[in-house]
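Whatever order the structure lists them in is the order used to number ligands and atoms, beginning at 1.
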Amino acid sequence: MRQIRIFDFVSRYQSHTQAAEKLHMTQPAVSMQMKQLEKNLDIILFERHGKTLSLSTAGIQLRKYSKEILQSYNNMLDFVEKTKGFETGHLVISVATTANHFTTRILAGFSKKYPDITISLDVTNRQHILQQLENYEPDLVIMGEPPKGHGLKSERFMRNPITIIAPPDHPLKNRKKLSIKNLENEKFVIREKGSGTREAVSKHFIESGLVRKTTFEMSSNEAIKHAVSAGFGLGVVSIHTIELELLNNHLIKLDVKGFPLLRHWHLVTRKGKAMSPVAEAFRNFLLEEAKNYEYFK
Ligand code: PGA
C-alpha cells in the first residue's frame, strides 16, 4: 500500500522531489521505493530522461489501478472508523481561502466537542481544491459554486456576499448607489487566477462593461485588505473576510449597484468516496453552526 501511495504521488507530479515534499519524505527515499516497486512487479513504470521523469505505457495503466486501489483502501479505513464510532478518527478537509475565516472558528468548536478527532486543514484556492477532489484527497471541501458534471456532490449551506472595499477616507465613501461607471478611474487590487472570488467579480465587471484597471494581484484576502487600506486601490472581497476591519473602521464598503454580489458556500464531496462518520459528524456540526455566520439574517 505504501509503495502504491508513493507511486500515486510520483505519477501525479511526475517528479520525485515534488512527491517527496507532499509526502514529507526525502527524495532518495521516494526514488528507492519506486525502484523497489518496479523490481517487485518486474516492470518499468517510469521513463527517466536526465532529470525529468514520465510514466511509461505500463505506468499509465498502473496509475489507473493504483487510483482504484487507493480509493477502495480509503473506503476500507472509513469503514473501520465507522465500526469504532466517530469520537476518534481523522478529518481531512480543504477550504477555499475565503472560507477559512469562518471555517477555522467552526473547526475550533468541533474540536472542543470531539477532542480526540484529529484534523488536517488545507486552505487553498478554488482551482487547487478541484484538483484535490479529482484525486479523492479530502473528506470534505468548503468552496464557492462547484462546477457541474465533475462527479461531485454538493450542498449549498450559506450565502457569501462579495463587496467592494475602500480605505475609510476614500472620496467615494459617502456616495449612495454608485454605478459601475463611477468606478471607471479606480484601480483595483484583486485575487490571483484560480480564485472563485476573482472569477465571479471579473464576470460581473465584464457583464457591466467595466474595464478594470488592475494594479495588484494577490493570493490572500489579508494582503488585499492591507493593500486597500494603504491606498493601492479598491478591493473586492467576501464580507466574511472583513468583519473585524468594518467593526474597527479600518475599511469601508462602497455602496455600488449590483453589490453585494451574492455567491454561496457549498459543502462538496466526491461521488464514490464514502463519507466517514467523522466527516458526517463535521457536516452536521457545520450546517448547524453556519447559521451563526449568515451575514443576512
Ligand atoms: P476563493 O474562493 O477564496 O478561491 O476566491 C471563494 C469562492 O469560490 O467564492
Check your understanding: Are H90 and S120 linked by a side-chain donor-acceptor pair shorter than 3.5 Å?
Key -> yes
Check your understanding: Between the side chains of N160 and T98, is a donor N or O closer than 3.5 angstrom to an acceptor N or O?
Key -> no
Revision key, fill the gap. When every non-hydrogen atom of A279 is compared with those of L91, the smallest separation belongs to CA-CD1, 3.8 Å
Practice item. Return yes if a side-chain donor-acceptor contact under 3.5 Å exists between N100 and T103, otherwise no. Key: no
Check your understanding: Tell me, which residues have any heavy atom less than 4.0 Å from some atom of ligand 1?
Key -> A96, T97, T98, N125, R126, G144, N160, R191, S195, G196, T197, R263, W265
Practice item. Give a yes-or-no answer on whether the side chains of E186 and H170 include a donor-acceptor pair shorter than 3.5 Å. Key: yes
Check your understanding: Between S54 and Q14, does any side-chain donor sit less than 3.5 Å from a side-chain acceptor?
Key -> no
